[in-house]
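Everything below concerns the one structure shown next.
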Number of protein chains: 4
Amino acid sequence: MSEPDPSSTELEDLLAAPPVPTRRPTVPALEERLFRVHPVLDHGFVRVIDYMGDDAAIVQAARVSYGRGTRNTRDDRGLVRYLMRHRHTTPFEMCELKLHVKLPIFVARQWIRHRTANVNEYSARYSILDREFYLPRPEDLAIQSASNRQGRGDTLDAERAAEVLALLRRDAMQVYDTYERLLNDRGDGEPVDDGAPQVARELARMDLTLNYYTQWYWKVDLHNLLHFLSLRMDPHAQLEIRVYGDIIGELVKAWVPMAWEAFEDYRLGAVTLSRAELDLVRQLIAGADADAILPGSGLSLRERRDLRAVLGLPARGGDRGDHR
Amino acid sequence: MSEPDPSSTELEDLLAAPPVPTRRPTVPALEERLFRVHPVLDHGFVRVIDYMGDDAAIVQAARVSYGRGTRNTRDDRGLVRYLMRHRHTTPFEMCELKLHVKLPIFVARQWIRHRTANVNEYSARYSILDREFYLPRPEDLAIQSASNRQGRGDTLDAERAAEVLALLRRDAMQVYDTYERLLNDRGDGEPVDDGAPQVARELARMDLTLNYYTQWYWKVDLHNLLHFLSLRMDPHAQLEIRVYGDIIGELVKAWVPMAWEAFEDYRLGAVTLSRAELDLVRQLIAGADADAILPGSGLSLRERRDLRAVLGLPARGGDRGDHR
Amino acid sequence: MSEPDPSSTELEDLLAAPPVPTRRPTVPALEERLFRVHPVLDHGFVRVIDYMGDDAAIVQAARVSYGRGTRNTRDDRGLVRYLMRHRHTTPFEMCELKLHVKLPIFVARQWIRHRTANVNEYSARYSILDREFYLPRPEDLAIQSASNRQGRGDTLDAERAAEVLALLRRDAMQVYDTYERLLNDRGDGEPVDDGAPQVARELARMDLTLNYYTQWYWKVDLHNLLHFLSLRMDPHAQLEIRVYGDIIGELVKAWVPMAWEAFEDYRLGAVTLSRAELDLVRQLIAGADADAILPGSGLSLRERRDLRAVLGLPARGGDRGDHR
Amino acid sequence: MSEPDPSSTELEDLLAAPPVPTRRPTVPALEERLFRVHPVLDHGFVRVIDYMGDDAAIVQAARVSYGRGTRNTRDDRGLVRYLMRHRHTTPFEMCELKLHVKLPIFVARQWIRHRTANVNEYSARYSILDREFYLPRPEDLAIQSASNRQGRGDTLDAERAAEVLALLRRDAMQVYDTYERLLNDRGDGEPVDDGAPQVARELARMDLTLNYYTQWYWKVDLHNLLHFLSLRMDPHAQLEIRVYGDIIGELVKAWVPMAWEAFEDYRLGAVTLSRAELDLVRQLIAGADADAILPGSGLSLRERRDLRAVLGLPARGGDRGDHR
């Protein structure tokens, strides 16, 4: 078990410690979840380490900006929804969340592309990674999608899935054997085998595969967190990062329920229509026939297909072939 | 005339200098505009000082990301539109623009809130500002909007406009007189009047009004520039920053015409429908009557009014009062 | 009194409210200071609105990065000092502070140049600023420094100081009279004088001078806050921002005393020697005479003077003239 | 050969294309290096794709900030050195460099932690990585350092080095065999083996080891690039990223030689003394004996050892054991 992992002892200590008094905004529903491990994938997790602010803190910051103008005119929920709708993003930046996340390296590589966050990652230059690697569930193994260039298509049958998992497991086990052999470290820097080579940690780690787990503290403000979630909870995101997005989404919902509701209505459940799509929607409302106006609209096949899906119109046989 | 201002001499020098050869991506339409002063407001301007990249550089960066996947499947324009539509923003970050801008301080205060840019501003701690201040055109003077809390309503009549401008001019002239008196500097640090006080520049400047002009070099990547323009070319933006947005928009159009066309179609001319609005649009396309379904939809009055405008439906008398 | 100002009522309410229990890291010394107004300049203030983390949170984040390597080898204080010394900055990013600050606009313009922070500023497009402007204390009025191009030199005598303050006050009062006249607003949007012009807030504000007070919520992580303080507590910083830096420094010291001590030792009290200066120091330690080796060292006059001051060597008459 | 790699054909095309005229700042020494492959490690490289600005652009931006104050007082070189010395960083942000870099994934993971840059990375969700992995040179294989927790100590002897490289090669080859088998793709999406499983690219890639090569476009301003180099050219940086730093440093030197010279003098070759160290240096210059004053100075053993090295004082036997 890796040292920075929250051992059951550490967790019990944290939860056994009596709460202390504070005058800061405090959210009981998140206090309950504090420090607890929310499992993700086969060995990963998400834990809330700390938070700053609540729904009222968003409102408070907005009232600083808008001053007298916001008095008596609407309740807090209305103001939060107004801010979300009109993309007045700075009040949401006034809340902050700090998470401890354990995740496969290939997921970490996507995640880190969100630059507006603070990160402390476990360093394999200083320390030794554990023999913990991600293996998909059989039902998550799928072929390359034909229609979505970056994603997955049909699921593999049981036999082929077993074959794939056996290969992944074999390679992961073998590279860790090599890793241990290269480190040749009893745990105190002394070699296990005096006659064998001993290699610096920063070198040995290069032999590990990308499904090995790493972990980090990740701290982010609510505006940037919601932007992260809007991208990573999207069906086009890779499943292995989406499952983290889903768990974090539940935590955010417990933390700032008003902001979350507005986010669902104005972001997750929203659609953006291009200039040309808006023009078509106006015609459709005025009674035009989709089959008549879409083909000559200048929209690509994929745009036409997507628009039909968004508007709840039946798909048409012709809308295939070009997946963009 | 302020020293860093592009004097006609400096400008002539720059334009008289023979072009030099480069292997970098070069855009003739922007080369023509390089260094030239594009006037904005009464004393402001925008000048392109330098640029990096072109439409092809966006495509080239995208092809690095998507590799073989992007070969032969679409032309450059299609790829740029695909990137804009799906908010694949990093390829647009591969282009960069450097502007010299002269602008009133109150406009600079809004502008600087865009954090992802590089700025070198004229420092009134080191140097002396000129007697140059912004006065609106009479037709731009307007009362506070009743329906838009942050904006303008009806225009003032000619007599009242003249009265306002006289006050603004009087105050601006007086504070500059004070500023000069406090500096008490012949231009070489020696006092104009030996018997009068002499005050440090960093102190004297505090007496200037917010319509005095400052200037800066502002460097930004295309993705963040387009985000800036989407906010600052918006009708809700203050007129005095919008006019800068409009000029910069024309320069961007000359620089990266494909990206600009996609930006107009998928951003400037686009609308976002919330979950509830999308549901209403589906009903309207299916034949429902707007007057019947909007009132009970849960949308605020302002949302209902905005949705009618977006969809080209006639406004309704009842949709007034609450401007949000 | 401006509405978002912490009125004594609001403050009493906040302080009267009973503390609530939390499991988050909590710092009693900062809890005591929470919400309280720390006056700065004549009308400004700094208030702590919220905070996240403490000294232990820095250590905790570092231990995630360095894993087993940091166990049992040093106490927390030693680790914090090690991190500060070696510029391992990410653990300091794990703490966050949210302040409410009231400050003159010309100070706000310097402050906002620190881009890695979250800001919600009072908007003079939505709301009306109060008749509150900054006037220096007589003893803070000084002439332009001859030796420091951006700063102040000798203080003004009492009579001249009074003359300067009278001018600043006169202008500030007059522009506010104009501002009120242009707004022509009883407080509810209705004109005070039906026959007079009424101008939108976003326009009227341009007549205010740069010493008028604005206010904002400002949220920043500890690493970036310390960087801000290292620049703004510096003797070269303008006095009017330095006094804010000093107050914030005291709050940080109460909040994270270990980090503050390390910051004082390794940043505030530290000096950086260039390659050439280091070479001279080595020679001086080996017994060389400063007067013999400095003149031919290639250092500029200002560098030589600065180096003498840093090393506690007597100044030399020749080291004058070129202030850089 | 991977598709986005600069094939000799593409390179010849780029270099054969006639230069075009521009009025932008142009640096002949960098034009010569444009597009050319600078090899790093066994399969990596750095190429300059584009650049904006030159030494004069730094000076020009500084003159905007300081206005008249900078006229006639110093030459460009002196101003650039002044800016570097006093950490006036914004003028350096006015230059921008765009690189194409091919690098092992474990190096990319360190590199990406520098957040203030623009990145387009080759995506293994869309495309297939080549069978290209990093193997250290035998002379770069070393054991974990006893005195530097994150680095390398003594080099391995030839026999043990060969043993290590054989293991690394065996694992890298095997995981690529698995990768190809899982992709099961003839290159057109059709399976090589109809009876075998076929897995999405985003899944198959997790089996690759961290020494596989990836590549990206990386665009950064000069200030942040120099900060990157100051960290990554440091002897404490891992060798495999340091070699990239060295190559990029040579390119920067060709591009902005004045800025580079100042960077070498005021950053790379500079040292920072803590408050306590400065106090000791003053005593040493005044004639104190190092062996007498260091032990009781409060400095840690490592600080004492480092200070001796910096000042060119002989090391002392006692200064061992605690490597921090």
Side-chain angles (χ1 to χ4, degrees), chain A residues 2-4 14-15 17-28 31 34-35 49-53 57 60-71 90-98 100 116-129 187 201 215-217 219 221 223, chain C residues 2-4 14-15 17-28 31 34-35 49-53 57 60-71 90-98 100 116-129 187 201 215-217 219 221 223:
Chain A
S2 122
E3 292 268 335
L14 281 167
L15 294 173
V20 294
T22 186
R23 292 185 187 280
R24 292 172 292 167
T26 300
V27 181
E31 291 280 335
L34 222 48
F35 313 136
I49 296 299
D50 206 344
Y51 67 93
M52 173 191 275
Q60 186 187 29
R63 293 205 194 280
V64 167
S65 290
Y66 309 133
R68 292 179 186 116
T70 55
R71 291 294 158 86
T90 55
F92 296 100
E93 295 177 10
M94 289 289 142
C95 295
E96 191 93 10
L97 191 66
K98 195 198 293 185
H100 182 186
T116 43
N118 309 118
V119 182
N120 276 273
E121 184 174 356
Y122 186 81
S123 169
R125 290 190 75 196
Y126 289 88
S127 299
I128 297 174
L129 284 162
R201 290 167 185 179
Q215 52 185 298
W216 59 34
Y217 272 36
K219 177 171 149 288
D221 69 63
H223 164 61
Chain C
S2 121
E3 292 267 335
L14 281 168
L15 295 172
V20 294
T22 186
R23 292 185 185 279
R24 290 173 292 167
T26 300
V27 181
E31 290 281 335
L34 221 49
F35 311 137
I49 296 299
D50 206 344
Y51 67 93
M52 173 191 275
Q60 185 187 30
R63 293 206 194 279
V64 167
S65 290
Y66 309 133
R68 293 180 185 115
T70 56
R71 292 295 159 84
T90 55
F92 297 100
E93 295 177 13
M94 288 290 141
C95 294
E96 191 93 9
L97 191 66
K98 194 198 294 186
H100 183 187
T116 42
N118 308 116
V119 183
N120 275 272
E121 185 175 356
Y122 187 81
S123 169
R125 291 188 76 195
Y126 289 87
S127 298
I128 297 173
L129 285 162
R201 291 167 182 177
Q215 53 185 297
W216 59 34
Y217 271 37
K219 177 171 148 287
D221 69 64
H223 163 62

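Note that this is a predicted model, so its numbers are computed, not measured. Naming convention: chains lettered A, B, ... in sequence-line order (proteins, then strands); numbering from 1 in each chain.
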* Asked: Of the listed residues (A:Val119, A:Ile49, A:Thr116), which shares the most heavy-atom pairs with chain C below a 4.5 Å separation?
  -> A:Val119
* Quick one: of A:Pro28, A:Ala61, A:Gly187, who has the most non-hydrogen atom pairs under 4.5 Å with chain C? -> A:Ala61
* Structure fact -> The interface call for A:Val27 against chain C, heavy-atom contacts under 4.5 Å, is neither
* Asked: Checking heavy atoms, do the side chain of A:Glu93, its backbone, both or neither come under 4.5 Å from chain C?
  -> both
* **A:Tyr122 side chain near A:Ser127 side chain, heavy-atom distance below 4.5 Å** => yes
* Passing option when A:Thr22 is tested against C:Glu31, C:Arg23, C:Arg24 for side-chain hydrogen bond (donor to acceptor under 3.5 Å, both in side chains) -> C:Glu31
* Structure fact -> The side-chain hydrogen bond (donor to acceptor under 3.5 Å, both in side chains) partners of C:Lys219 (sequence neighbours excluded) come to A:Glu96, C:Glu96, C:Asn118
* Asked: Do C:Arg201 and C:Ser123 pass the side-chain hydrogen bond (donor to acceptor under 3.5 Å, both in side chains) test, and can you show the C-alpha distance, the side-chain angles, and the key distance before you say yes or no?
  -> CA-CA 10 Å; C:Arg201 291 167 182 177; C:Ser123 169; over 6 Å; no
